[in-house]
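What you see below is based on every heavy atom in this structure, not just the backbone, and it leaves out hydrogens, waters and symmetry mates.
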Amino acid sequence: MFDFRPHRLNLNRSRNVSRNVAKREPSSRRRSSFCKLLGERLEDRIVLAAYMVDTASDVVAVDGMISLREAILSANGNVAINADITVAGEAGPDVTDVITFADGLSAIVLSSQLSITDSLSISLGAASSVTISGNDASRIFSIDANSNATILNSVSISGLTLTNGLASDGGAIFVSTGQNLLLETVTLSNNEATETGPTRGGGALYNDGGTVSIVDTVISDNAASGALGNGGGVFTLGGSVTISGGTISGNSANRAGGGIENNAGIVTLTNVTLGGPLAADGNTAGINGGGLHISGAGEVTIDGGSITNNTAGAEGGGLWNSSTGTLILD
């Protein structure tokens, strides 16, 4: 520990001592002594890249503004995508770059989906609310593997509203195998998946074997509109989905799983409202599992919460479990 208390010094004596030491000690030893006085060398620090989106335009152009698309491209590639971006993203599985939004920015309409291929955190920042729309023409976010397939990314999105997304699977969000996604206080509404088939759908979110955590989020009025579409709100094909708090309401699927479809994955609901007090709040399925449907060897645990006003055309207005699935209610 250094002693920073003031001391009286004999300056003449100090000069003489310094000259004598300089004569006696080789330069390497003097450098070593100097390093000890300064303390141990600090380990290398990584400065994370932080981008503030300040335009609603969905462009990649040198215009003096930073768009959401430019920020994500820079974070993905760990480069400054153009002169508007002054900081390159940082690479590495344990490095998470940050995107926030400027005060007054409230809505962004996309021309095509945004693919995220590196660990990234997206939150409101100075903005009070931000809505990102797929304009009924494209998915909003796809959480994808990067060029180094051995690195699994972690993405978090908080405080945003994702709406009017449209895709074959995962109208608002698609999560690729092995990727990690956290949604916190997000609203997913009025998104649509159009594909048909027992493993297709996910009006708001499609999890293709990733790890998804959803906290205090609203998933409402989304649709799996394909003739045999599944999972009006959420579809998971393997992997896991953990939902804590929040509401899943008003979603629909033409085949099964109006609110949630679990196909061989692991789903955990804790204190979730599945449906709601009004008939319009209920999730609906054309055939089975209005609130939730389990296919194959899927596993679901529901702890607390409520399952209310959901309907199905054939079986399981609230819940439907396959003969090989596991359903635990507490």
Hey, mind stepping through N82 and E70 against side-chain contact (heavy atoms from CB on, under 4.5 Å) and telling me if it holds?
CA-CA 8 Å; N82 60 31; E70 287 173 329; 2.9 Å; yes
Taking all heavy atoms of S249 and all of G275, pick out the closest pair and write down the distance.
CB-O, 3.4 Å
May I ask you to decide if N190's main-chain N or O and N222's side chain share a donor-acceptor pair within less than 3.5 Å?
yes
Find the distance between OG1 (T96) and CD1 (I122) and round it off to the nearest 0.5 Å.
11.5 Å
Residue that, paired with I132, satisfies side chain to side chain contact (heavy atoms under 4.5 Å, CB included) out of L68, D58, T161
L68
Out of curiosity, does L319 fall in the hydrophobic cluster containing V300 (side-chain heavy atoms, cut-off under 4.5 Å, transitive links)?
yes
Going by heavy atoms in the side chains, are S322 and S295 under 4.5 Å from each other?
no
For a quick test of reading the model, state the closest non-hydrogen atom pair linking V87 to I85 and the distance between them.
O-CG2, 3.1 Å
Set out, in order, the CA-CA distance, both residues' side-chain angles and the distance that settles side-chain contact (heavy atoms from CB on, under 4.5 Å) for Y206 and V234, then state yes or no.
CA-CA 6 Å; Y206 189 100; V234 174; over 6 Å; no
Side chains of I248 and I243: does their closest heavy-atom pair fall under 4.5 Å?
yes
Side-chain donor/acceptor of N164 to backbone N/O of S133, under 3.5 Å:
no
From T270 OG1 over to D303 CG, what is the distance, rounded to the nearest 0.5 angstrom?
5.5 Å
Within the side chain of N288, is there an N or O that forms a donor-acceptor pair under 3.5 Å with the backbone of A314?
no
Rounded to the nearest 0.5 Å, what separates atom OG in S123 from atom CD in E184?
10.0 Å
S74 side chain vs I72 backbone, donor-acceptor pair below 3.5 Å
no
Do the side chains of V215 and T185 get nearer than 4.5 Å, heavy atoms only?
no
Using atom types as modelled and distance alone, determine if a side-chain donor or acceptor of T217 lies under 3.5 Å from a backbone N or O of V186.
yes
Side-chain heavy-atom pair L162, I173 within 4.5 angstrom cut-off:
yes
Is a side-chain donor or acceptor of D84 paired with a backbone partner of G64 at a separation under 3.5 angstrom?
yes
Is the closest side-chain donor-acceptor distance between S225 and E192 under 3.5 Å?
yes
Side-chain donor-acceptor contact under 3.5 Å, N283 with N310:
yes
Closest heavy-atom pair and its distance - N230, E261
CB-CG, 3.9 Å
I'd like to check L181 versus I157 (side-chain heavy atoms, cut-off strictly below 4.5 Å). Are they in contact?
yes
Let's go through N78 and D97 carefully: what are the C-alpha distance in whole Å and the side-chain angles of both, what is the deciding distance for side-chain contact (heavy atoms from CB on, under 4.5 Å) to 0.1 Å, and is it a yes or a no?
CA-CA 10 Å; N78 303 309; D97 296 324; 4.1 Å; yes
Check: T55 side chain, S57 main-chain N or O, donor-acceptor pair, under 3.5 Å:
yes
For N191 and T163, which heavy atoms make the closest approach, and how far apart are they?
OD1-C, 3.3 Å
Taking all non-hydrogen atoms of both residues into account, name the closest pair between G202 and A224 and its distance.
N-CB, 4.3 Å
In Å and rounded to the nearest 0.5 Å, what is the CG to CD1 distance from L329 to I302?
5.0 Å
Show your reasoning for whether side-chain contact (heavy atoms from CB on, under 4.5 Å) applies to N251 and I219.
CA-CA 8 Å; N251 304 286; I219 302 173; 4.2 Å; yes
In short, A193 meets D169 closest at the heavy-atom pair CB-CA, 4.1 Å
Measure the CZ-CG distance between F235 and N263 for me, rounded to the nearest 0.5 Å.
4.5 Å
Once you round to the nearest 0.5 Å, how far does CG of L120 lie from OG of S154?
11.0 Å
With a 4.5 Å cut-off on side-chain heavy-atom distances among I, L, V, M, F, W and Y, is there a chain of contacts connecting V60 to F141?
yes
Following the transitive rule for hydrophobic clusters with a side-chain heavy-atom cut-off under 4.5 Å over Ile, Leu, Val, Met, Phe, Trp and Tyr, establish whether L183 and F174 coincide in one cluster.
no
Any luck finding a side-chain donor-acceptor pair between S115 and D144 under 3.5 Å?
yes
Hydrophobic clustering (ILVMFWY, side-chain heavy atoms < 4.5 Å, transitive) - are I116 and L110 grouped together?
yes
Is there a chain of hydrophobic side chains (I, L, V, M, F, W, Y, each step under 4.5 Å between heavy atoms) that links L292 to V272?
yes
Do T236 and N207 pair up side chain to side chain, a donor and an acceptor below 3.5 Å, judged on atom types alone?
yes
Verify the neighbour count for atom CE of M52: are there more than 12 heavy atoms of other residues, nucleotides or ligands below 6.0 Å?
no
Measuring only between side-chain heavy atoms, which start at C-beta, is T196 closer than 4.5 Å to R200?
no
